[in-house]
Structures are given as C-alpha cells and as structure tokens.
Amino acid sequence: MDIRALIREEVLAQEAYSVETAPCRIKLDANENPLAIPAELRKKFATLLASVPLNRYPEAGSVALTARFAAAFGVGEDQVLLGNGSDELIQILCAALARPGAEVMIPVPTFVMYRISAQNAGCRVEAVPLDGAFDLDLEAMRERMAAHPPVLTFLAWPNNPTGNCFTPEKIETILNEAPGIVVVDEAYFHFSGKTFLPLLGRYENLVILRTLSKVGLAAMRIGLLIGPPGLVHELRKVRLPYNINALSQAAAGFYLDEEEAFLKQARKIRRHRGELFAAMEALTGIHPRPTDANFIFFSCDFDADRVYKSLMERGILIKNLSAPGTMKGAMRVTVGTSEENRQFIEVLRDIISG
Ligand SMILES: *Cc1c(COP(=O)(O)O)cnc(C)c1O
C-alpha cells in the first residue's frame, strides 16, 4: 500500500517540528525558566500531585480552573479556554477557522508553530517579512490583507525569535483593519510586563494567548486563550474533552496558589537578562538586540554555524537561526542562571577570539 498517496498534500509537504535533543551541560535553546522551584514549594507540589486520583478522568473542560484564571484576568469564564500548552490553542484556532481556501497571515520570522498548525489545518499561509528593525511592515501587511483576506493573523508580542514587541499602534491598526481574528500571543508576558488584555473590550476580533511554560512550568503544558465569548464557545467544540490532564490541572492550580514565587523568579531572570545583554554587547562582533523576552536575539560577524557547533562541543546549546538575508549570523540565547550566563559568555568569548 502506498501510504503517501493517502496523506494530505499539506502534510506531505512539511517537515516535522524538530527539537534539538543533543545532550548538553547548559541548555539555553528553549526559553525555559532555568531556576528550580524552591524546595519547600516542591514538597507542597509533590503532596498535591500525590493526591490526584489517577484512576479517574480529569475534570472535563477544566471548569474550576477556567473560573480561577478568568477571575485573575478580570474577564468572564466564557472568555477563557485552557489548552495543552498554547501550542494546542494555536492548533484549535486553526482547526476551527480553516474553511476551504482560508488564509492565515503571519509576519516572518516568527514562532514556527503558527505556520505548521495553519498548514496542517489546510490553510494557506501568507507570510509577510518584518521590516529592517524587525517591526511589523504595516503597508506590506495591508496590501496582503487586501489581496488575501486572512481569517486569522498571529502576532507574537514580544516576537519569538527576535525578542522585540511590535509597535502597539501597528497592532491596533491591524485589529481595526483585519477581516478576521487577530491573535496577540503573549507567551513572554512575564518578562515584558506588557499586555493587550485591557483592549479586549474594544476589539471583538482580539484573542490573547498566554502560557505557563516560560515562567516555570514548561513540563506541565498549560496554555490559556482569552477572547470573545462567541469565539470561545465555538472553540470548545473543537478541543478534546480531556485536553488538560489531571496532573497539569493540579499544577495550574498550584501556580495560581503560589504565583508570587514564580513572579519572583521572573523578576530575577529579568535582572539576569540585563547583565547578559551588557556582557554580550561588550564582545566585539556580537550584536544583541533589545529584548522584552527571556531570551536575547543576536547576530554575530563570524560563521554562525561554527560558533553554534563550537558552543555545542563545549556543552552549551543555543538556537542557531542563521539564514541568508536579514537572518545572516542570527542566533538566540535563553537567559539562564547567572552561572550559566557567565559560562556562556566565557566560552563564546573564547570561540570568537580563537
Ligand atoms: C514558546 C512559545 C509558545 C508555546 O508555548 P507552550 O504553551 O509551551 O505551547 C507559544 N508562542 C510563542 C511565541 C512561544 O515562543
């Protein structure tokens, strides 16, 4: 049997999302929180997990948690949807809006899951390059919207991998002019402190995504969508009934109970970010760009592939984004612990001067 003949073309045309799995001593490639949960909280968490009845299905639809998050965001329970990471919420949005011929607009470079989920759902992807400052190219996006009206536009704010927040007025222009839903993905909210949440009432096409992954619970896969009740109502039909497993539900509740401990870590990472940025800026031929996230996007005047490989040989994993054009020599490093950052700088200095 020819399996390939059975598979949809959009799927055949893709490569699976690849995650570097090489063993490393210092992992600075995935924008995780590098800090462990404080010991006494870890104990509390273990007790909580031990009390979860593993023989029972999780609470369907995470109703109690949804209510708690809605209260925390100051919105209605009918405006919040939990996902298995925000990745799943991106997938649900695409699946629900992928009418035949539907188009999804994204700026590039940006978070790769927008393209993958849109294509898997059968949507056409309209990719519009960012401008020279990695901000939105409003004119190009307007032209594209006129030629190919998107049902869905994804804007990561701050953007991954470039780290900057697009000019908010430009996002508002898109909210005003886009014919479809505009998703503002605030995955790095805990490090930017900036949000479109107060504008939810003003734009009925605005959807906000949040996640607990970057602030310290990446392993638990907890994402949040906040949007208009009419849309959330439809999206609930698309998600699987038990999309948040019982351990993850417990973890999300734990996060809300202990949020201050996580926010304290985020503040610490923000301080480390400033120190790492200054140290990178002091290296000749390394050009970090201002960032609102827990990572630093930078370009180097050296052979990026060689720098990346040399770092890896010495046990340090970052993300190599180097490609011809505006991404020449581009890389992304996650802010680690102060010791990890120190070692990264030391090894990098060594590599580029050697
Ligand atoms: C990391 C990231 C996500 C994915 O978050 P999960 O909740 O772990 O699925 C979503 N959007 C952006 C922009 C990200 O960088």
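In each ligand, atom 1 is the first atom listed, and ligand 1 is the first ligand listed. This structure is a prediction, so every number in the text was calculated from the model and none was measured.
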Asn160-Arg332 side chain donor-acceptor pair, cut-off 3.5 Å: yes
For Arg25, is the CZ atom crowded, meaning more than 12 foreign heavy atoms sit under 6.0 Å from it? yes
Should the pair Tyr114 and Phe111 be assigned to parallel (<30°), tilted (30 to 60°) or perpendicular (>60°) ring geometry? perpendicular
Taking the basic N atoms (NZ, or NE/NH1/NH2) and the acidic carboxylate oxygens, is any pair closer than 4.0 Å for Arg239 and Glu88? no
Lining ligand 1 at under 4.0 Å, by non-hydrogen atom distance, are residues Gly85, Ser86, Asp87, Phe111, Tyr114, Ala156, Asn160, Asp185, Ala187, Tyr188, Thr211, Ser213, Lys214, Arg221
Looking only at non-hydrogen atoms, find the nearest pair between Glu340 and Pro34 and report the distance. OE1-CB, 3.7 Å
Could you tell me how the ring of Tyr255 sits relative to the ring of Phe262: parallel (under 30°), tilted (30 to 60°) or perpendicular (over 60°)? tilted
